[in-house]
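One structure is given here, and the rest of the page talks about it.
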Amino acid sequence: MGKMGLPLAAVFADHGANVIGVDINERIVEMINRGENHVREEPGLDELVRRNVEAGRLRATTDGVKAAKEADVMIILVPTLTDERGNIKLDPVYDVAEKISQGLEKGDIVITEATMPPGTTESLIPILEKSGLKLGEFGLAHAPERTMTGTAIRDITGQYPKIVGASDERTLEAVIGIYETINKKGVILMSSIKAAEAVKVFEGVYRDVNIALANELALWCEEHGLDALEVFQAANTQPYCHLHMPGAGVGGHCIPVYPWFVINLAKRTNPRLIKTAREINDSMPHHVVELTVKALNEAGRPLKGSNILVLGLTFRGGVREFMKAAAKPIIQELKEWGANVYAYDPLCTPEDAERFGAEWKEDFKEVDAIVITADHREFKELDLKKLAEEMRTRIIVDGRNILKPEEAQKHGFVYLRVGGS
């Protein structure tokens with residue numbers, strides 16, 4: 001019942017289903033059963049949870065086996081954790097499958113929504129068959145979640161079609177009916193479960209490779225005195241061109257992880273392009289440090305002993321998630337070079353900054369350089385006049401291209417950004 005599971009449960013309930021949410025966290029279960037939403041950053045979810053709990057269509061439990069016995073359709077949407085090279089830890093998925101197997105009955109359907117390496121869903125068959133049933137007596141399907149934190153309800157109900165692959169025609173028909181009920185964009189049928197798994201993985205790979213291309217072209221523009229954003233925006237007026245936004249790095253649970261599913265599963269194929277894209281995107285935090293050094297040099301200050309304020313600990317604006325956030329390697333490298341590093345993020349706490357190795361700071365006094373690593377709305381609205389008055393040295397390194405260069409320069413800042421001329 002996390003950031004993706006609770007919105008999905010609430011949407012199903014709102015369309016008339018009787019939904020049992022399962023979570024290992026007793027506090028979350030108690031909150032849901034009181035009609036309270038614990039996923040605070042999801043617009044509209046408060047009302048959806050309250051309404052459907054009050055109507056008796058949504059409830060939660062920690063007893064997965066009991067819930068499986070009561071349910072006809074079981075959806076697995078748990079976190080799939082990975083290491084730095086995308087080696088996936090599927091223990092939560094296998095644990096849920098074990099519980100489901102103890103409550104599985106003939107005619108039931110098990111659907112995985114968690115994004116996993118292609119082939120993973122079918123690896124659950126031996127676990128589910130511990131129920132005494134054989135595949136065919138129960139159905140198996142994959143319908144990958146295609147949602148983002150902050151827009152989950154919109155995404156679930158019709159931003160994109162639902163992708164579905166199933167073990168047999170009967171299961172496929174049932175799963176189509178289930179998702180067509182809640183998604184006005186309908187369903188795209190895949191020829192197999194593995195093909196459905198590949199769709200979501202490939203979406204992430206596409207983003208990663210194209211961001212890497214944007215980053216590489218941005219570095220080339222810096223070298224040649226060109227403004228990458230000016231060039232990209234003009235190029236993107238041609239319908240076959242869609243250059244992405246360059247930046248300080250690629251974070252989150254999805255885009256930097258899914259390429260490793262493809263790389264790690266490759267046998268005869270050598271996914272050279274995908275590997276290179278990962279290397280480029282992982283190198284961007286280092287480039288932001290290089291820009292910081294360059295800006296300090298322009299202002300006649302050494303990095304060692306300078307006070308650097310990193311704005312943004314999360315991997316993207318508006319979301320309190322830290323997976324592969326650019327701020328972490330940037331803070332580490334700045335400290336290695338002897339800088340005094342501070343951090344601030346409107347969604348975070350001093351404890352979060354301490355965990356990243358920085359000291360919490362909510363003002364700009366005595367700061368020599370600001371490094372922006374997350375595109376929070378609050379940072380887009382910075383009062384540059386006030387900053388110019390408070391800071392010791394007027395330097396901004398914009399790792400997310402969210403400020404206007406002319407505005408920064410008007411207030412006397414040395415302003416450098418990824419892909420800037």
Side-chain angles (χ1 to χ4, degrees), residues 211-212 214-229 245-251 279-313 315 324-345 353 356-361 363-375 379 382 384 387-388 390-421:
I211 294 168
N215 282 332
E216 191 161 68
L217 291 174
L219 297 178
W220 189 92
C221 285
E222 286 181 25
E223 184 183 320
H224 289 268
L226 296 173
D227 183 337
L229 266 60
M245 178 67 79
V250 177
E279 289 171 11
I280 291 169
N281 289 335
D282 279 345
S283 74
M284 293 309 293
H286 172 69
H287 180 63
V288 170
V289 173
E290 290 178 331
L291 289 176
T292 307
V293 173
K294 183 181 176 184
L296 286 164
N297 285 344
E298 282 188 35
R301 290 198 67 91
L303 178 57
K304 186 174 182 180
S306 289
N307 296 328
I308 313 295
L309 175 59
V310 174
L311 292 182
L313 294 172
F315 85 89
K324 289 188 80 69
K328 191 168 189 180
I330 288 170
I331 289 168
Q332 287 173 345
E333 189 171 350
L334 288 170
K335 287 178 71 178
E336 284 168 10
W337 286 103
N340 305 312
V341 185
Y342 303 87
Y344 174 73
D345 189 303
F356 273 49
E359 190 178 326
W360 186 256
K361 189 171 176 60
D363 60 56
F364 302 95
K365 290 171 184 171
E366 297 299 303
V367 169
D368 295 305
I370 287 169
V371 178
I372 300 172
T373 63
D375 57 343
F379 299 159
L382 285 171
L384 297 184
L387 261 63
E390 285 190 28
M391 290 174 68
R392 183 166 69 182
T393 313
R394 297 177 186 180
I395 292 172
I396 297 175
V397 176
D398 188 350
R400 293 299 173 196
N401 285 297
I402 60 173
L403 300 180
K404 294 177 180 174
E406 59 275 11
E407 187 70 18
Q409 286 151 8
K410 185 178 87 176
H411 290 286
F413 283 93
V414 174
Y415 175 81
L416 296 182
R417 58 190 171 94
V418 176
S421 56

Heavy atoms only: give me the nearest [X]-[Y] pair and the separation to one decimal.
{"X": "Ala327", "Y": "Leu313", "value": "CB-CA, 4.0 Å"}
{"X": "Asn281", "Y": "Ala212", "value": "OD1-CA, 3.2 Å"}
{"X": "Gly419", "Y": "Cys221", "value": "O-CB, 4.3 Å"}

- request: Please name all residues satisfying side chain to side chain contact (heavy atoms under 4.5 Å, CB included) with Glu216, sequence neighbours left out, ordered by chain then number.
  value: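 Side chain to side chain contact (heavy atoms under 4.5 Å, CB included) list for Glu216, sorted by chain: Ile280.
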Interatomic distance, [X] atom [atom1] to [Y] atom [atom2] [nearest 0.5 angstrom]:
{"X": "Tyr342", "Y": "Leu309", "atom1": "OH", "atom2": "CG", "answer": "9.5 Å"}
{"X": "Ser283", "Y": "Leu219", "atom1": "OG", "atom2": "CG", "answer": "7.0 Å"}
{"X": "Ile396", "Y": "Thr292", "atom1": "CD1", "atom2": "OG1", "answer": "12.0 Å"}
{"X": "Phe379", "Y": "Ile402", "atom1": "CZ", "atom2": "CD1", "answer": "7.5 Å"}
{"X": "Leu334", "Y": "Lys304", "atom1": "CG", "atom2": "NZ", "answer": "14.5 Å"}
{"X": "His286", "Y": "Gln332", "atom1": "NE2", "atom2": "CD", "answer": "14.0 Å"}

Taking atom CH2 of Trp337 as the centre, does the number of heavy atoms from other residues, nucleotides or ligands within less than 6.0 Å exceed 12?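 Open.
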- Query: Just wondering, are more than 12 heavy atoms of other shown residues or ligands nearer than 6.0 Å to NZ in Lys361?
  - Reply: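 Atom NZ in Lys361 is crowded, with more than 12 foreign heavy atoms closer than 6.0 Å.
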Report yes or no: does [X] contribute a side-chain atom to a donor-acceptor pair with the main-chain N or O of [Y] at less than 3.5 Å?
{"X": "Thr373", "Y": "Gly312", "result": "yes"}
{"X": "Asp368", "Y": "Leu296", "result": "no"}
{"X": "Asn340", "Y": "Gly305", "result": "yes"}
{"X": "Lys335", "Y": "Val341", "result": "no"}
{"X": "Tyr415", "Y": "Leu403", "result": "yes"}
{"X": "Arg394", "Y": "His411", "result": "yes"}
{"X": "Asp375", "Y": "Arg400", "result": "no"}

Does this structure show an ion pair linking [X] with [Y], if we count only N-O contacts that are shorter than 4.0 Å?
{"X": "Asp398", "Y": "Lys404", "answer": "no"}
{"X": "Lys324", "Y": "Asp282", "answer": "yes"}
{"X": "Glu366", "Y": "Arg392", "answer": "yes"}

Among Leu387, Ile395, Ile308, which residue meets the side-chain contact (heavy atoms from CB on, under 4.5 Å) test with Ile370?
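Answer to the side-chain contact (heavy atoms from CB on, under 4.5 Å) test with Ile370 among Leu387, Ile395, Ile308: Leu387.
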### Query
Of His287, Lys294, Arg417, which meets side chain to side chain donor-acceptor pair (under 3.5 Å) against Glu222?
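Testing each of His287, Lys294, Arg417 against Glu222, the sole residue satisfying side chain to side chain donor-acceptor pair (under 3.5 Å) is His287.
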Review point. Where do Trp360 and Tyr344 land on the ring-ring contact (aromatic ring centres under 6.0 Å, His included) test, with the steps shown first?
Key: CA-CA 6 Å; Trp360 186 256; Tyr344 174 73; 5.2 Å; yes
